[in-house]
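Report on the structure given below.
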Amino acid sequence: MALLLRFALLCGVADFARGLSITTPEQMIEKAKGETAYLPCKFTLSPEDQGPLDIEWLLSPADNQKVDQVIILYSGDKIYDDYYQDLKGRVHFTSNDLKSGDASINVTNLQLSDIGTYQCKVKKAPGVGNKKIQLTVLVKPSGTRCYVDGSEEIGNDFKLKCEPKEGSLPLRYEWQKLSDSQKLPTSWLPEMTSPVISVKNASAEYSGTYSCTVRNRVGSDQCLLRLDVVPPSNRAGTIAGAVIGTLLALVLIALIVFCCHKKRREEKYEKEVHHDIREDVPPPKSRTSTARSYIGSNHSSLGSMSPSNMEGYSKTQYNQVPSEDLERAPQSPTLPPAKFKYTYETDGTTVV
């Protein structure tokens, strides 16, 4: 009976040892965006595994609506890594000799779309084995900004805020005072691990340099804040100065508008006067042309008379030039009737 039991155990061990097996356990891996993820897959072969070696990596995306995708394949002593467009050029086998028992891969420049379950399948007939690895891609905190929300004056209430630009949840915050007294106000202690510290009735002792560190599972980031709590400013004087400045600005604007309006009116008036002169008033005639016209008229009248009739003509004063008031309707001067003298003889008697 004992011999039979021992024989059965030996047969079971032989069956267990026979065939391909993957030695890497299933696991979960967390990496930061932009980093490289190492996905291990170690296997062993038995003398009975005589078939060709085939290695296949599959991705089951986090989005359940997408089907499993082959991301890299080794078959017929060749590597095929262009099956999945989203990982093309970013997935590689880590070993140059896959037959040595290492089918691990690296996924570089991780993206949030790389999150999912990766499955390693190794086949060498008659042996077959597979293992799964869960990959999570997180975004480490970055671009953290510290600032004061409110007026930093004694007696005021304001807030200290710490805000990272990006970072995967959950995030942890830690405030510290770096200058002057390292001791923090007791009222702040409950909020030293939160993104916002509420400051009540601020005092000058709160002044100093503070740091805020933001962490998650894949990284951390820090920002600094300089807090200066000062006495209240003269608000009445500030308001009065603002009002006076505003009034002066309004007066200056009104003066500029008035000057521009006045200048436009003057230009408009000048244009209207110039237009009236050109349209309604004909240009005055020169005195020289008027005198010549007048003398020429007299000459033409005198030329029609014979020399014998010139004696009885009353001579015109040529130095008397018609005034400009008569230029609009020039007229020929009125000449007195000419006196004619006839002589003839009758019976020896001369008659005039």
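Please read these numbers as outputs of a predicted model, since none were measured by experiment.
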When you compare the side chain of [Y] with that of [X], does any pair of heavy atoms fall below 4.5 Å?
{"X": "Asp149", "Y": "Phe158", "answer": "no"}
{"X": "Leu59", "Y": "Asp68", "answer": "no"}
{"X": "Val107", "Y": "Leu87", "answer": "yes"}
{"X": "Gln50", "Y": "Pro126", "answer": "no"}
{"X": "Leu58", "Y": "Glu56", "answer": "yes"}
{"X": "Ser100", "Y": "Leu98", "answer": "no"}
{"X": "Tyr83", "Y": "Ile71", "answer": "no"}
{"X": "Ile55", "Y": "Lys123", "answer": "no"}

To the nearest 0.5 angstrom, please state how far the [atom1] atom of [X] sits from the [atom2] atom of [Y].
{"X": "Lys177", "Y": "Tyr206", "atom1": "NZ", "atom2": "OH", "result": "9.5 Å"}
{"X": "Cys146", "Y": "Leu224", "atom1": "SG", "atom2": "CG", "result": "7.0 Å"}
{"X": "Lys42", "Y": "Ser21", "atom1": "NZ", "atom2": "OG", "result": "13.0 Å"}
{"X": "Met192", "Y": "Leu160", "atom1": "CE", "atom2": "CG", "result": "9.0 Å"}
{"X": "Lys31", "Y": "Leu110", "atom1": "NZ", "atom2": "CG", "result": "8.5 Å"}
{"X": "Asn130", "Y": "Glu26", "atom1": "CG", "atom2": "CD", "result": "8.0 Å"}

**Study point:** Audit row: Tyr74, Trp57, ring-ring contact (aromatic ring centres under 6.0 Å, His included) steps and yes/no
**Key:** CA-CA 9 Å; Tyr74 173 80; Trp57 277 89; over 10 Å; no
Are the side chain of [X] and the backbone of [Y] linked by a donor-acceptor contact shorter than 3.5 Å?
{"X": "Glu191", "Y": "Trp188", "value": "no"}
{"X": "Trp175", "Y": "Ser194", "value": "yes"}
{"X": "Glu166", "Y": "Pro164", "value": "no"}
{"X": "Thr209", "Y": "Arg226", "value": "no"}
{"X": "Gln134", "Y": "Ile29", "value": "no"}
{"X": "Ser207", "Y": "Val229", "value": "yes"}
{"X": "Asp49", "Y": "Leu20", "value": "yes"}
{"X": "Asp82", "Y": "Gln85", "value": "no"}
{"X": "Glu163", "Y": "Arg145", "value": "no"}
{"X": "Asp157", "Y": "Asn201", "value": "yes"}

Are [Y] and [X] connected in a single hydrophobic cluster, I mean Ile/Leu/Val/Met/Phe/Trp/Tyr linked by side-chain heavy atoms less than 4.5 Å apart?
{"X": "Ile253", "Y": "Phe258", "value": "no"}
{"X": "Leu169", "Y": "Tyr173", "value": "yes"}
{"X": "Ile79", "Y": "Tyr118", "value": "yes"}
{"X": "Tyr147", "Y": "Leu178", "value": "no"}
{"X": "Tyr84", "Y": "Phe93", "value": "yes"}

Check ion pair [X]-[Y] (N to O, under 4.0 angstrom):
{"X": "Asp86", "Y": "Lys88", "answer": "no"}
{"X": "Asp221", "Y": "Lys165", "answer": "no"}
{"X": "Arg90", "Y": "Asp114", "answer": "yes"}

Checking [Y] against [X]: is there a side-chain donor and acceptor pair closer than 3.5 Å?
{"X": "Thr213", "Y": "Ser220", "value": "no"}
{"X": "Gln176", "Y": "Glu174", "value": "yes"}
{"X": "Ser203", "Y": "Glu205", "value": "yes"}
{"X": "Tyr38", "Y": "Thr94", "value": "no"}
{"X": "Thr136", "Y": "Glu30", "value": "no"}
{"X": "Asn106", "Y": "Thr36", "value": "no"}
{"X": "Ser104", "Y": "Asp102", "value": "yes"}

Check your understanding: Would Thr23 and Phe43 satisfy side chain to side chain contact (heavy atoms under 4.5 Å, CB included), going step by step from the backbone distance to the final call?
Key -> CA-CA 5 Å; Thr23 59; Phe43 63 92; over 6 Å; no
Point to revise | Heavy-atom neighbours of Lys124 NZ exceed 12 at 6.0 Å | key: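 Atom NZ in Lys124 is packed in, count exceeds 12.
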Exercise for review: Verify the neighbour count for atom CG of Asn96: are there more than 12 heavy atoms of other residues, nucleotides or ligands below 6.0 Å?
Suggested key: no
Exercise for review: Please assess Arg217 against Leu138 for the test side chain to side chain contact (heavy atoms under 4.5 Å, CB included), listing each intermediate value before the final yes or no.
Suggested key: CA-CA 8 Å; Arg217 294 195 298 269; Leu138 302 176; 3.8 Å; yes
Practice item. Starting from the C-alpha separation in whole Å, work towards a yes-or-no answer on side chain to side chain contact (heavy atoms under 4.5 Å, CB included) for Ile154 and Val230. Key: CA-CA 6 Å; Ile154 295 176; Val230 297; over 6 Å; no
Considering all heavy atoms, the nearest [X]-[Y] contact:
{"X": "Ile22", "Y": "Lys131", "value": "CG2-CG, 3.3 Å"}
{"X": "Val122", "Y": "Ala103", "value": "CG2-CB, 4.5 Å"}
{"X": "Pro232", "Y": "Glu153", "value": "CA-OE1, 3.6 Å"}
{"X": "Ala37", "Y": "Leu135", "value": "CB-CD1, 4.0 Å"}
{"X": "Asp54", "Y": "Ser75", "value": "OD1-OG, 3.1 Å"}
{"X": "Asn216", "Y": "Ser168", "value": "ND2-O, 3.1 Å"}

Exercise for review: Might you work through the disulfide bond (SG atoms under 2.5 Å apart) test for Cys162 and Cys223, ending with a clear yes or no?
Suggested key: CA-CA 8 Å; Cys162 179; Cys223 63; 4.0 Å; no
